[in-house]
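Atoms considered below: every heavy atom in the structure, side chains included; atoms not considered: hydrogens, waters and symmetry mates.
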Amino acid sequence: MRVEIWSDIACPWCYIGKARFEKGLAEFAHRDEVEVVHRSFELDPSRAKGDTALVIDMLAEKYGRSREEAAAMEANVAANAQSEGLGYRTEGRDHGNTFDIHRLLHLAKARGRQDELLTLAYRANFAEERSVFATEVLVALAEEAGLDADEARAVLADPEAYADDVRTDEREAAELGANAVPFFVLDRRYGISGGQPSEVFVQALEQAWKDRPATALTTVGGDAAACDSDGACEVPQS
């Protein structure tokens, strides 16, 4: 069974949702027969490359809040991340265009190291003092994930390398009706939107496995926190 996950490095609920999905997958009896493929989705595709801003400042501007209110929003998301055992910095993180990261993730997919790079990129972005919008940081992450540093640097230097792969993923997301991430698709039969609890993923995996002849995409699990195509991320109140 194949599980496709549309996500963006800039999306905190994708970071949290990945951890919750992996907990659910670990409880699934047929987990060794599940192929997980990560797909590209950009939250802020119109932002120019190299144009970065502190997350707190971006949130304050986007939602018309004070910096103190934006910081409180980040603290609420951090609490959700920390409840899953994830590191999460609420100060000093930056936000920018993620197209290059997605292109590099497609190189990692071609080399069989996609999940490794994605995990490292999430950790760098949300938990560590490392900007994933800096070329040399991305090259270092690629090398840590088991990729060749020179090949990673060459991909980043060529704006067309793997660009079509990113755009194909984004076009497929639109065709499937995904306008927020994370978005999980199980065998192109079942869709799960948002950072659902791990038990929802267990239920969905079991349902998809049992009902494999199904053809229509069915949404399961109800609403959950997600980041939409305009870059807005839902923030829990507690």
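A salt bridge links R93 with E74: the closest approach of a Lys/Arg side-chain nitrogen to an acidic carboxylate oxygen falls below 4.0 angstrom. Taking a cutoff of 4.0 Å between a charged side-chain nitrogen and a carboxylate oxygen, E42 and R167 do not qualify as a salt bridge. Taking the charged nitrogens against the carboxylate oxygens, E128 and R89 have no contact shorter than 4.0 Å, which rules out a salt bridge. In summary, E170 and R39 do not engage in a salt bridge, as defined by a charged side-chain N under 4.0 Å from a carboxylate O. In summary, E22 and K18 engage in a salt bridge, as defined by a charged side-chain N under 4.0 Å from a carboxylate O.
A continuous path of Ile, Leu, Val, Met, Phe, Trp and Tyr side chains, each step under 4.5 Å between heavy atoms, connects L205 with W209, placing both in one hydrophobic cluster. Cluster membership for F133 and L117, using ILVMFWY side-chain heavy atoms within less than 4.5 angstrom, is shared. Under a hydrophobic clustering in which Ile, Leu, Val, Met, Phe, Trp and Tyr are joined whenever their side-chain heavy atoms come within less than 4.5 Å, directly or via other members, I16 and V202 fall into different clusters. The hydrophobic clustering, which links ILVMFWY residues whose side-chain heavy atoms are closer than 4.5 Å, places I56 and M73 apart. The same ILVMFWY cluster, assembled from side-chain heavy atoms under 4.5 Å apart, contains both L25 and M1.
Rounding to the nearest 0.5 Å places CZ of R212 at 14.0 Å from NZ of K210. Rounded to the nearest 0.5 Å, atoms CD (Q114) and NE2 (H106) are 7.0 Å apart. Going from atom CG of D100 over to atom CD1 of I9 covers 12.5 Å, rounded to the nearest 0.5 Å. Distance check, rounded to the nearest 0.5 Å: SG of C227 to CG of N179 gives 12.0 Å. Rounding to the nearest 0.5 Å places CD of E4 at 11.5 Å from NE2 of H38. Between T90 atom OG1 and N76 atom CG the span is 11.0 Å, to the nearest 0.5 Å.
The aromatic rings of Y122 and Y15 sit tilted relative to each other, their planes meeting at an angle between 30° and 60°.
For the pair V137 and V139, the minimum side-chain heavy-atom distance is 4.5 Å or more. Between D44 and T98, the closest side-chain pair of non-hydrogen atoms is not below 4.5 Å. At a threshold of 4.5 Å between non-hydrogen side-chain atoms, the residues Y88 and P12 count as touching. Residues F28 and E206 are in side-chain contact: their nearest non-hydrogen atoms beyond the backbone lie under 4.5 Å apart. Residues D51 and N97 fail the side-chain proximity criterion, which asks for heavy atoms closer than 4.5 Å. Side-chain contact between V37 and R2 is present, with heavy atoms from C-beta onward closer than 4.5 Å. Looking only at side-chain heavy atoms (C-beta outward), W6 and L176 come within less than 4.5 Å of each other. Between F99 and V166, the closest side-chain pair of non-hydrogen atoms falls below 4.5 Å.
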* Let me see the working for L54 and H95 under side chain to side chain contact (heavy atoms under 4.5 Å, CB included), right down to the final yes or no. => CA-CA 6 Å; L54 289 175; H95 173 82; over 6 Å; no
* To do: Could you please spell out the steps behind the salt bridge (charged side-chain N to carboxylate O under 4.0 Å, His left out) verdict for R188 and E172?
  => CA-CA 11 Å; R188 292 292 170 113; E172 288 187 4; 2.8 Å; yes
* Quick one: do R130 and E144 satisfy salt bridge (charged side-chain N to carboxylate O under 4.0 Å, His left out)? Show the steps, please. => CA-CA 14 Å; R130 304 169 77 185; E144 290 169 34; 2.8 Å; yes
* Take E136 and R153 through the test side chain to side chain contact (heavy atoms under 4.5 Å, CB included) and record every step on the way to the result. => CA-CA 8 Å; E136 288 309 310; R153 189 175 285 105; 3.1 Å; yes
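Listed here is the closest heavy atom pair of R20 and P197: CD-CA, 4.3 Å. Of all the heavy atoms in A178 and F183, the pair that sits closest is CB-CD2, 3.5 Å. Heavy-atom minimum distance, C11 versus L43: CB-CD1, 3.5 Å. Smallest separation of non-hydrogen atoms from V3 and L186: CG2-CG, 4.0 Å. A121 and V132 make their closest contact through O-CG1, 3.6 Å (heavy atoms, listed as atom of the first residue, atom of the second, distance). Summarising the geometry of N125 relative to D94, their closest heavy-atom pair is OD1-O, 4.0 Å, with the distance given to 0.1 Å.
For the residue pair Y190 / D211, a side-chain donor-acceptor distance below 3.5 Å is found, with atom types taken as modelled. Counting only N and O atoms by type, the side chains of H102 and D165 include no donor and acceptor under 3.5 Å apart.
Remark: side-chain polar atoms of R47 are not paired, donor with acceptor, to backbone N or O of T52 under 3.5 angstrom. The backbone N or O of L147 lies less than 3.5 Å from no partner atom in the side chain of R113, so there is not a single donor-acceptor pair.
Around the CD atom of E69, the shell of radius 6.0 Å holds more than 12 heavy atoms that belong to other residues, nucleotides or ligands.
Listed by chain and number, the residues in a ring-ring contact (aromatic ring centres under 6.0 Å, His included) with Y162 amount to none (sequence neighbours excluded).
Checked against a 6.0 Å centroid threshold, the rings of F184 and F21 count as neighbours.
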